[in-house]
Amino acid sequence: MNSAARRHCLPLSALLLSPFSVAAAPSPASLPAVQVQAARVPGVDPFALPASLDTVWIDADRSGPNTQLSEALGGVPGLLARDRQNFAQDTQLSIRGFGARSTFGVRGVRVLIDGVPATMPDGQGQLSHASLLGAERIEVLRGPFSALYGNSSGGVLQVWSAQGQAGDPWRLRVNAGADNTLSVGAQLRGAGKGIDYNVAANHFSTDGWRDHSRARRESLNARLGTELAGGRLELLLNALHAPNAQDPLGLTRAQVAADPRQATAVAEQYNTRKSVRQQQVGLRWTHEAGAQRWQLMGYAGQREVTQYLPIPPGPQANPLHAGGVIDLDGGYGGLDARWGWNGDLWGRPLDLVVGVNADRQRQHRTGYENFVGTIVGVRGRLRRDQIDIVQNVDQFAQAWWQWSPRWSLLAGVRHSAVRFESDDRYIVGRNPDDSGRRRYQATTPVAGVSFEASTQWRLHAAIGRGFETPTFNELGYRADGQAGLALDLAAARSRSLEVGSKWHAQDGRQLDVSLFRADTDDELAVASSTNGRSTYRNIGRTRRQGVELQYRQPLAEQLELQLAWTWLQAQVRSPYLACAASNCAVPDTVVAAGSRLPGVPRQQAYARLQWSPGQWQWALEAAASSDVVVNDIATERAAGYALLNLEAGHSWTLQAGDLRAFARIDNVLDQRYIGSVIVNDGNGRFFEPGPDRRASVGLQWSWR
């Protein structure tokens, strides 16, 4: 069974306390069971919890490059993962419309890699150091219980690598495709002499489908474990090097019609590009004794980013301008401690967890002119120099109680305090001291009930609150063009509810349906996005409501159908003013209540039909999206599309191991479409076209 088709709902700890989760290897004949250390509640079915949670299993039968998480997430309802065909920018990720405003990186969605946050304390996240080659599964949590992860948790995405076991195969994987795309990876996984290991290294390079989109990435991910002091100790390592990834920028509608593969002229002129180097390490210790369990985790990392933007020299003549080259160099780290207990309350099963965590990021932000004399696209004079520090301290508690044979309650609360501080070290001439600080805090309760209608059918309801602070990148520039940080930005606060039904039959059939609504006050939105630089503001009240459905049907012993559909209405609830023209200094156009939020499609659909006779594997995959509004005043939109993809693979069992050959054709019908959008781009370059028909082939050798 293909990894994209294998999904089920996880028990309590995977939902809320994922650092305790240990997943068993999936069985090819049935849905894999997940043994959870954080909440061993006897008699609880794995899907009997009041939340929407999907698990995508990453197995050795995957086809394609295996370089971006978006390759594996197409069949998750409520989730949108857009491949931008631009490795200078991260995958656009949104869950139930949260995070759709992001012009780069991940906002509004909490991301964790092996339990270590890939989202910084301010809510800015990235996916670039996650590895599909070493991953075992990806968990996606949607709905009210996301709030128990703290700031910017409109949804949660977690990538988990497998724990090495004795006898696990070692793998070498090579994939090649159009545009000189090459991915070479190796995974060493196993156990021996008291140590288990999972080490994955990957090299990826491409000339890019669009002009000026060449990229290269090297990554290393490792999970090493051993028994220590009556518990389990794990060392988690990640490293990423992505030098000079070219940025083709967005296109106008006319440019897309003329040539969707072109880069904007200023991208070539200024050689727009981005370099990233990141290293991080995490250490996690877990221990169980009787009814009690403990976990301690610490992590630390360093991330360096240099980006060249296409800002002309003219605007940089303004003494308040921060320049066209961004250079970020900073460290980050955090601690997490939690205690759990499993027992009874009034004779009924009860599970408690309490904990505290603290995270801190210190970033040295500098800006330079992107020209020297008449030469553009090079680093010039210093124009910005500041130290940005953001830190949070959170406390949380949760309880699961099965108060009757058919009813259970899951409830929790988290208190978060997030502090921003900026120290301006560039006070020159008319450029004032832009130092400042801001503190945000919130208490986010959540609760849900689950009812066992039958052994195969569960009903649930949940309600909760959440909040999202602006990130440091969003605080970095004021929307009015004046000097200083945008410290007047408020945190967005949301109230969400969900009702759902889960039906899982013994023969593998599955039907899950969720209805949800999230109302947000002080919604954070893009005010302008010009020449690679974005400003933000609060626009008032918004609402996201919709329906998610997924269905799986075994049609024969080796034939399976998977379907997923999302209907999402994301609307403005209170009117506000926006700019109708790119050179508008003061917003002059009313965005009425009921207007659509940009970047959010009304409908998404996915279907996959897979046939696995003997050593062969064939799959037909379809993905569709409705149109997307790209600016506040809805004068531009990206049309909807439907794509068809094909996969084929064959395996040979040899004396020394297994050999697998595979091929994939994306966009078989060669459709023209917009793969992603840049919300409120001030130059009218809203569109990032998706690729035409693409083919790739690969080989994988596994030593047993």
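If you're wondering where the values come from, they're calculated on a predicted model, not measured in any experiment.
The distance from atom CG of D359 to atom CG of D336, rounded to the nearest 0.5 Å, is 8.0 Å. Interatomic distance, Q391 CD to Q361 CD, rounded to the nearest 0.5 Å: 11.0 Å. Taking CZ from R660 and CZ from R171, the interatomic distance works out to 10.0 Å, rounded to the nearest 0.5 Å. Rounding to the nearest 0.5 Å places CD of Q278 at 6.0 Å from OG of S128. In this structure, CG on N238 lies 4.5 Å from CD on Q280, to the nearest 0.5 angstrom. Here CD of Q187 is found 10.0 Å from CG of N66. Values are rounded to the nearest 0.5 Å.
Of all heavy-atom pairs between P50 and A462, the closest is O-CB, 3.6 Å. Contact detail for Q165 and D168: the closest heavy-atom pair is N-OD2, 2.6 Å. Nearest heavy-atom pair, G164 versus R189, reported as atom, atom and distance to 0.1 Å: CA-CG, 3.8 Å. S131 and A200 make their closest contact through OG-CB, 4.2 Å (heavy atoms, listed as atom of the first residue, atom of the second, distance). Between W285 and A229 the shortest heavy-atom distance is CZ2-O, 3.8 Å. The heavy-atom pair separating G230 from H287 by the smallest distance is O-ND1, 2.8 Å.
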* Going through the checks in order, is the side chain to side chain contact (heavy atoms under 4.5 Å, CB included) test met by D344 and L350? -> CA-CA 5 Å; D344 293 327; L350 174 68; 5.9 Å; no
* To do: May I have the step-by-step check of side chain to side chain contact (heavy atoms under 4.5 Å, CB included) for E139 and D54, ending in yes or no?
  => CA-CA 6 Å; E139 299 172 3; D54 286 284; over 6 Å; no
* Does the pair N202 and R173 meet the rule for a side chain to side chain contact (heavy atoms under 4.5 Å, CB included), with working shown? -> CA-CA 9 Å; N202 193 78; R173 182 185 178 96; over 6 Å; no
* CA sep, side-chain torsions, deciding dist, call: R293, D351, salt bridge (charged side-chain N to carboxylate O under 4.0 Å, His left out) -> CA-CA 11 Å; R293 57 191 179 272; D351 189 272; 2.7 Å; yes
* Decide yes or no on side-chain hydrogen bond (donor to acceptor under 3.5 Å, both in side chains) for Q295 and R284, but give the supporting numbers first. => CA-CA 7 Å; Q295 175 188 281; R284 178 170 59 235; 4.6 Å; no
* To do: I would like to know whether L220 and H129 meet side chain to side chain contact (heavy atoms under 4.5 Å, CB included); could you show each step before the answer?
  => CA-CA 8 Å; L220 174 68; H129 64 288; over 6 Å; no
* D394/S416 under side-chain hydrogen bond (donor to acceptor under 3.5 Å, both in side chains): CA gap, chis, key distance, verdict -> CA-CA 4 Å; D394 290 17; S416 301; 2.8 Å; yes
* Asked: Can you list the steps and then say if S183 with T67 is a side-chain hydrogen bond (donor to acceptor under 3.5 Å, both in side chains)?
  -> CA-CA 8 Å; S183 178; T67 57; 5.8 Å; no
* To do: Walk me through it: do D329 and Q363 pass the test side-chain hydrogen bond (donor to acceptor under 3.5 Å, both in side chains)?
  => CA-CA 6 Å; D329 183 1; Q363 193 171 68; over 6 Å; no
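Residues passing the side-chain hydrogen bond (donor to acceptor under 3.5 Å, both in side chains) test with T119, sequence neighbours excluded: none.
One N or O on the side chain of R142 and one on the backbone of P77 form a donor-acceptor pair closer than 3.5 Å. A donor-acceptor pair under 3.5 Å links the side-chain atoms of K502 to the main chain of L49, judged by distance alone. A donor-acceptor pair under 3.5 Å links the side-chain atoms of E71 to the main chain of Q68, judged by distance alone.
Residues Q456 and H504 have side chains that never bring a donor and an acceptor to within less than 3.5 angstrom of each other. For the residue pair S153/S146, the side-chain donor-acceptor check at 3.5 Å is not satisfied. No hydrogens or angles considered: a donor-acceptor pair under 3.5 Å links the side chains of N357 and R414. For the residue pair N244/S275, the side-chain donor-acceptor check at 3.5 Å is satisfied. Between the side chains of D114 and S161, at least one donor N or O sits under 3.5 Å from an acceptor N or O.
With contacts defined as side-chain heavy-atom distances shorter than 4.5 Å, the pair W618/P613 qualifies. The side-chain heavy atoms of L172 and W703, taken from C-beta on, include a pair separated by under 4.5 Å. Put simply, the side chain of W400 reaches to within 4.5 Å of the side chain of S408, judged on heavy atoms. For the pair L112/Y149, a side-chain contact is recorded, criterion being any heavy-atom separation below 4.5 Å from C-beta on. With contacts defined as side-chain heavy-atom distances shorter than 4.5 Å, the pair D512/W503 does not qualify. Proximity of L237 to N221: side-chain heavy atoms (C-beta onward) are nowhere separated by under 4.5 Å. R232 places a side-chain heavy atom less than 4.5 Å from the side chain of D196. Inter-residue side-chain proximity for R303 and Q126 is flagged as met; some heavy-atom pair is nearer than 4.5 Å.
Salt bridge absent: E560 and R608 never bring a charged side-chain N and a carboxylate O closer than 4.0 Å. Under a 4.0 Å N-O distance rule, the pair D122/R107 does not qualify as a salt bridge. A salt bridge links D666 and R664; the closest N-O separation between the charged side-chain nitrogens and carboxylate oxygens is under 4.0 Å.
With a 6.0 Å radius and a threshold of 12 heavy atoms from other residues, nucleotides or ligands, W611 has its CH2 atom at or below the threshold.
Between Y299 and Y332, the two ring planes are tilted [angle within 30° to 60°].
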